[in-house]
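Written out below as structure tokens is the structure these notes cover.
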Amino acid sequence: MKNRSLTLFATGLVLLALAGMQRAVAGEGQALEQEALSLLTQYLRIDTTNPPGNEIRAAEFFKAIFDREGIESQIFESAPGRGNIYARIKGDGSKKAVVLMSHMDVVPVDRRHWSVDPFSAVIKDDYLWGRGALDVKGMGIVELMAMLALKRQGVPLKADIVFLGTADEEAGGAMGAGYMVREHFDLVRDAGLVLNEFGFISVGDDGKARYYGASPAEKAPFWLKLTATGTPGHGSSPRPDSAVLKLVEALHRIAAYQTALSVDPVVQKFYADIADLDPVPAKRERLKNLRESLKDPAFAAEFTKDLRNNATVRNTISITMLEGSNKVNVIPAEASAQLDVRLLPTQDPALFLNDLRQVINDDAIRIEIVLSFAPIASPTDTGFFKVLEGIAGEIDPGVKVTTPLLTGFTDCHFFREKGIPCYGFIPFRLPAKELGGVHGNDERVSLENVKFGTHTMAEIVRRLATQ
Ligand SMILES: [Zn+2]
């Protein structure tokens, strides 16, 4: 009896101690959540609208935090006011560095359409409101918190963890990630991967996860300028060989041109992974092998009616800028147009250009390349996907981690061009209706997402840096 009560007593002590530990861990977790919310509030109040950017203010905000935490960091100014922040904590070097990247600039706001001040970071209806909440200051803060948590806990790391806050992403990144990779590549040369924006956890209206989207690839911009020349003259005497007419005819042929359908591996995987979510049973089967299914013209027509679908299975051309005469009664010597071309990650820009020349079929039209990024996809059989699959399965058993193709572009290409894998994944659970604020009005992030994102990102980074 005596022994038994002693055992009970001891067991009770152990249980008490365990409960205490759990409370302590839970308490630490809650403190981290509160800190994340408070830091994101401060960060959203820093106006980094690009143009002009003024990211230096955000870089100084991060620098102060890193200084306080005893983390080595440095600000790099690519031009006056255009700050980038770089910080690193050390591992034992047995794994390549994990780079946590996010841009610090935001797109302009149209205050007339906001129901709150876009830079006041108010909390309303369980959301934190402000420009950049989703794109992408929220991500910046959960990345920061992951780094701080690992540093404070003294977790032994195999990989260094690098924090990189960049300027200028919303205007192409030349002053930000582009500048860092061009001028300070030594700082990130040892990177095994870069984590960046775009992909997220897609949830239904019921809050259940549909899939975890981690983007390994983006369409590559291949912006072109077409210029026609012709005999100038007075508008009262029309000429059949005018520059404007030549240009219009070329554009007419381009507008009628349908680029070939092509299903990249990441796109094939994405639709196969989400097939079972489609409400129409017949369509589910089709999506499971999109490459095959698109050979059926009827299905292809139906599928590509959705503009997002369409942009993920072909190179696209948008005619966006036009310039002719600046006077109504003057036939100009020159007329030009710019095309926003986006290439799939497996395409060759030179081949596309040849095809386009044939479509235009007029050697008198000059074609200049305005912007061209190499189309590249990062591999999907990497440790990052294994880690994310593990975590996704623990949080949402049975959920798929899949590979959405971004039809726009982010800072990732600067790293992919250097052979460093870059993945877009923001650990926020987002129903479609919450995405409208990105580059739109009333951008906001739920308090729940800030908390969830803080823990999930910390766990992702912990596993990437320790396993
Ligand atoms: Zn962004």
Side-chain angles (χ1 to χ4, degrees), residues 18-44 62 65 69 71 87 89 98-102 123 126-128 133-134 136-157 159 161-163 193 195-203 207-214 383-399 401 423-431 434 444-467:
L18 274 177
M21 265 166 61
Q22 269 167 3
R23 264 201 308 277
V25 170
E28 240 172 68
Q30 277 168 11
L32 205 68
E33 290 171 358
Q34 282 313 314
E35 192 180 352
L37 270 175
S38 151
L39 289 175
L40 182 54
T41 302
Q42 295 169 44
Y43 189 20
L44 289 176
F62 282 113
I65 299 167
E69 300 284 328
I71 294 172
I89 55 176
V98 175
V99 177
L100 309 176
M101 179 164 72
S102 63
I123 290 177
D126 295 324
Y127 283 79
L128 182 53
L134 291 176
V136 73
K137 288 180 168 174
M139 169 78 162
I141 291 299
V142 299
E143 286 180 326
L144 170 76
M145 297 317 294
M147 195 171 187
L148 298 191
L150 292 170
K151 168 83 167 46
R152 288 172 189 169
Q153 291 160 7
V155 175
L157 304 173
I161 300 172
V162 172
F163 181 92
L193 86 158
L195 267 190
N196 188 34
E197 64 179 320
F198 173 55
F200 55 89
I201 303 165
S202 168
V203 301
K208 279 206 184 114
R210 298 170 70 240
Y211 60 84
Y212 281 50
F384 166 70
F385 274 93
K386 287 195 193 77
V387 162
L388 190 56
E389 274 157 14
I391 290 173
E394 288 160 29
I395 300 171
D396 296 288
V399 79
V401 173
Y423 300 107
F425 180 69
I426 303 178
F428 290 163
R429 306 173 77 84
L430 297 171
E434 281 184 35
R444 58 196 183 274
V445 61
S446 70
L447 303 184
E448 211 38 58
N449 263 330
V450 178
K451 295 175 189 172
F452 173 86
T454 298
H455 296 300
T456 308
M457 182 57 90
E459 192 52 26
I460 291 171
V461 179
R462 191 185 67 75
R463 292 187 195 184
L464 285 174
T466 60
Q467 292 178 354

TODO: Can you sort out the partners of E35 under salt bridge (Lys or Arg N to Asp or Glu O under 4.0 Å), two or more places apart, ordered by chain and number?
DONE: R152
- [ ] Could you tell me whether the side chain of M145 reaches within less than 4.5 Å of the side chain of L32, counting heavy atoms only?
- [x] yes
Task: NZ-NE2 distance between K451 and H455, expressed to the nearest 0.5 angstrom - done: 8.5 Å
Task: Close side-chain approach of T456 to I391, heavy-atom, < 4.5 Å - done: yes
Task: By side chain to side chain contact (heavy atoms under 4.5 Å, CB included) - contacts of A159 (at least two apart) - done: K95, V98, A465
Open item on the list: What I'd like to find out is whether the side chain of I460 reaches to under 4.5 Å of the side chain of F425, using heavy atoms alone.
Closed with: yes
Open item on the list: Just so I know, are the side chains of P427 and M139 near enough to count as touching, which here means a heavy-atom distance under 4.5 Å?
Closed with: yes
- [ ] Could you pull out all residues at least two apart from Y127 that satisfy ring pair (Phe, Tyr, Trp, His ring centres under 6.0 Å)?
- [x] none
Task: Set of residues satisfying side chain to side chain contact (heavy atoms under 4.5 Å, CB included) with respect to Y423, sequence neighbours excluded - done: L193, L195, P216, S378, P379, T382, F384, F385, P421
Task: Heavy-atom check, side chain of D126 versus side chain of E448, under 4.5 Å - done: no
Task: Contacts of type salt bridge (Lys or Arg N to Asp or Glu O under 4.0 Å), residue E459, not counting sequence neighbours - done: R462, R463
Open item on the list: List the residues meeting side chain to side chain donor-acceptor pair (under 3.5 Å) with S202, not counting sequence neighbours, and say none if there are none.
Closed with: R210
TODO: Not counting sequence neighbours, which residues clear ring pair (Phe, Tyr, Trp, His ring centres under 6.0 Å) with F163? List them please.
DONE: F62, F66
TODO: For the residue pair I426 and V142, establish whether any side-chain heavy-atom pair is separated by less than 4.5 Å.
DONE: no
TODO: Evaluate side-chain contact (heavy atoms from CB on, under 4.5 Å) for L100 paired with V162, printing each intermediate quantity in order.
DONE: CA-CA 6 Å; L100 309 176; V162 172; over 6 Å; no
Task: Under the side chain to side chain donor-acceptor pair (under 3.5 Å) test, residues paired with S38 that sit two or more places apart - done: Q42
Open item on the list: Once salt bridge (charged side-chain N to carboxylate O under 4.0 Å, His left out) is applied, what residue pairs with a partner in residues 137-146 remain, sequence neighbours excluded?
Closed with: none
TODO: Take L144 and Y43 through the side-chain contact (heavy atoms from CB on, under 4.5 Å) test and state the conclusion after the steps.
DONE: CA-CA 12 Å; L144 170 76; Y43 189 20; over 6 Å; no
Task: All side chain to side chain contact (heavy atoms under 4.5 Å, CB included) counterparts of R429, not counting sequence neighbours - done: I201, V203, A209, Y212, I395, D396, N449, F452
Open item on the list: Can you tell me how far apart CD1 (I89) and CD1 (I161) are? Round to the nearest 0.5 Å.
Closed with: 4.0 Å
- [ ] Look only at the side chain of K151 and the backbone of I71, and say whether a donor-acceptor pair between them is shorter than 3.5 Å.
- [x] no
- [ ] Run the numbers on T41 and L128 for side-chain contact (heavy atoms from CB on, under 4.5 Å), then give the verdict.
- [x] CA-CA 8 Å; T41 302; L128 182 53; 3.8 Å; yes
